[in-house]
Peer 1: 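Next up is a structure, given as structure tokens.
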Amino acid sequence: MEKMDILVVGGGGREHAIIRKLKESPRCGKLYCAPGNGGISRDAECFDVKADDLDGMVALAKKLAVDLVFVAPDDPLVAGMVDALEAEGIAAFGPRKNAAILEGSKVFSKHLMKKYGIPTAGYEVFDQPQAALAYIKAQNTYPAVIKADGLALGKGVILCDTYEEACDAVKSIMEDKIFGASGSRVVVEEFLTGPEVSVLAFTDGKTICPMVSAKDHKRAFDGDMGPNTGGMGTISPNPYYDEEAAAFCMEKIFRPTIDAMNQEGRPFKGCLFFGLMLTPNGPKVIEYNCRFGDPETQVVLPRLKTDLIDILCAIREEKLDTLTLEWADEACACVVMASGGYPAAFKKGLPISGLNPEGQRNDAVVYHAGTKYENGKFYTNGGRVLGITALGATLDEALDKAYDAVEKIRFQDAHYRKDIGRPAAKTE
Ligand code: AMP
Ligand code: GLY
């Protein structure tokens, strides 16, 4: 069997989960990661090239003569890293720039959904703050949902309960430019209610294979309180996403999105992430991401039984229809341990105890998100530090295993939610 040497771009928990799944494949040759992190360095050779450094990454891929580059984060995908690699004859996994715009521009994705009748919240687009505010005042329905057009580290959505809050939000996005150029335009959207579901899907632009569902927990504190974060924990499957919802989404959302992108001359190849809300009027798209989710990947990939490298090759060759993906029936839970203070200011460089020399434990899988490895020890090095993950026969069993391990890992001011999956578990 021909082995493949693979370079994974990125350095968080998602990339660690991808690397550990690639390692399971008998086809896996040398594994590299850039920039990687402390925990990833125990599984793959890491290089100090930033994830959004297109030229640097192309040069590294050439130097390493890899067979494939797996571009995991949104920034390099939206900036065209896959195009840059392919221009040099290097095989890459991920959508090209003209398809990654599905995440890169909310205005693009909203217009696409409207044009092709894909269910989503009603909306208007504004490039002038006064016009946006006049519209919000006339609508007079709150919360008002205001979104910056471009990438904003997952923080570009502001829910406003009053007109005054909307004024502040529009000003900070469009005038103070808190999200930079991403805020030149805003989308003002209808407020939707219902459980949220994350569905990642492999697609080669022809066939779309949804993965098992997941549920993220975006708020920092228990009871869904506090500021939005990159994600404090995940479970899979999502107990709210039943077969009926899955069938509806396939027919009205997943398939139509792939067809729409082809119609627009922007075929999407890679992993397409559907952020869905199960509203009283049926499932609707909250957002598209052009990549694997973080921390969704940490609970979805452990359940994948099909060889990931076979899937990546099938997507490259546009033969995804020849594979049937197999998934473990077990549930999976991931609890994120974050630095105290995250998502605002936090300390770095604090020693972590409770991990073996590989940065792992016997009772759970530890995906490293923000760690550094120095002289045989692990130190905190980011907001989200570790994602403690376990499989179980039931969701409760997976959660119990993950939390038992969490309690044995320590670093100063460590913060984690105690209720990951718990309200959802009760509804089963
Ligand atoms: P996003 O970054 O687009 O995933 O949005 C962040 C969070 O804002 C989502 O997970 C939702 O909880 C919330 N949100 C976004 N759009 C809407 C909407 N139209 N109605 C209600 N909540 C929303
Ligand atoms: N967990 C949501 C995201 O990856 O954007």
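Read the numbers this way: they start at 1 and go in the same order the structure lists the ligands and their atoms.
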Peer 1: Is any side-chain heavy atom of F179 closer than 4.5 Å to a side-chain heavy atom of M174?
Peer 2: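 In short, these two side chains do not touch, never coming nearer than 4.5 Å.
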Peer 1: Under 4.0 Å from ligand 1, counting heavy atoms only, is it the side chain of E196, its backbone, both or neither?
Peer 2: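 The side chain, only.
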Peer 1: Is there any ring pair (Phe, Tyr, Trp, His ring centres under 6.0 Å) pair reaching into residues 399-420, and which pairs are they, with sequence neighbours excluded?
Peer 2: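 Pairs touching residues 399-420 that pass the test: F221-H415.
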Peer 1: Hey, which atoms in ligand 1 end up nearer than 4.0 Å to a heavy atom of K147?
Peer 2: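 By the 4.0 Å cutoff, the relevant atoms are 3 (O), 15 (C), 16 (N).
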Peer 1: For the residue pair T120 / K110, report whether a side-chain donor-acceptor contact shorter than 3.5 Å exists.
Peer 2: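 Present: a donor and an acceptor within the cut-off.
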Peer 1: For ligand 2, which atoms, with element, lie under 4.0 Å from some heavy atom of E296?
Peer 2: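 Contacts of ligand 2 toward E296, numbered from 1: 1 (N), 2 (C), 4 (O).
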Peer 1: Distance under 4.0 Å to a non-hydrogen atom of K218: what atoms of ligand 1 satisfy this?
Peer 2: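 Result: 4 (O), 10 (O).
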Peer 1: Can you find an N or O of F191 that's nearer than 3.5 Å to an N or O of ligand 1?
Peer 2: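 N/O-N/O distance under 3.5 Å: no.
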Peer 1: Compute the minimum heavy-atom distance from R14 to ligand 2 and say whether it is under 4.0 Å.
Peer 2: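 R14 does not count as a contact of ligand 2 under the 4.0 Å cut-off.
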Peer 1: Using a strict cut-off of 4.0 Å, indicate which atoms of ligand 2 neighbour a heavy atom of G293.
Peer 2: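 Counting from 1, the qualifying ligand atoms are 4 (O).
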Peer 1: Heavy-atom contacts with K106 under 4.0 Å: which atoms of ligand 1 show up? List them by number with element.
Peer 2: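 Near K106, the atoms of ligand 1 are 3 (O).
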Peer 1: Taking the side chain as every heavy atom from C-beta outward, state whether R20 and Y367 have any pair of such atoms under 4.5 Å apart.
Peer 2: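 Of all side-chain heavy-atom pairs linking Y367 with R20, at least one is under 4.5 Å.
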Peer 1: By salt bridge (charged side-chain N to carboxylate O under 4.0 Å, His left out), which residues pair with D127, not counting sequence neighbours?
Peer 2: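 So D127 forms no salt bridge (charged side-chain N to carboxylate O under 4.0 Å, His left out) with any residue.
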Peer 1: Please compare V188, N289, V157 and report which has the shortest non-hydrogen distance to atom 5 (O) of ligand 1.
Peer 2: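 Heavy atom nearest to atom 5 (O) of ligand 1 belongs to V157.
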Peer 1: Taking only heavy atoms of E287 into account, list the atoms of ligand 1 that are under 4.0 Å away from them.
Peer 2: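 Answer, ordered by atom number: 1 (P), 2 (O), 3 (O), 4 (O).
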Peer 1: What verdict does the salt bridge (Lys or Arg N to Asp or Glu O under 4.0 Å) test give for R255 and D259, after you've listed the backbone C-alpha separation in whole Å, the side-chain angles of each residue and the deciding distance to 0.1 Å?
Peer 2: CA-CA 6 Å; R255 195 63 253 168; D259 294 342; 2.9 Å; yes
Peer 1: Does N228, backbone or side chain, put an N or O under 3.5 Å from an N or O of ligand 1?
Peer 2: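 No.
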Peer 1: Hey, which atoms in ligand 2 end up nearer than 4.0 Å to a heavy atom of R291?
Peer 2: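 Ligand 2 atoms under the 4.0 Å threshold to R291: 3 (C), 4 (O), 5 (O).
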Peer 1: Within ligand 2, which atoms have a heavy atom of D216 less than 4.0 Å away?
Peer 2: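 Under 4.0 Å from D216, ligand 2 has these atoms: 1 (N), 2 (C).
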Peer 1: Between L31 and E45, is there a side-chain heavy-atom distance shorter than 4.5 Å?
Peer 2: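 With C-beta onward as the side chain, the pair stays apart.
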Peer 1: Parallel, tilted or perpendicular: which fits the ring planes of Y288 and F274, with parallel below 30° and perpendicular above 60°?
Peer 2: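 The arrangement is perpendicular - the two ring planes meet at more than 60°.
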Peer 1: In terms of ring plane angle, is the pair F126 and Y135 parallel, tilted or perpendicular, where the classes change at 30° and 60°?
Peer 2: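 Geometry flag for Y135 against F126: tilted rings.
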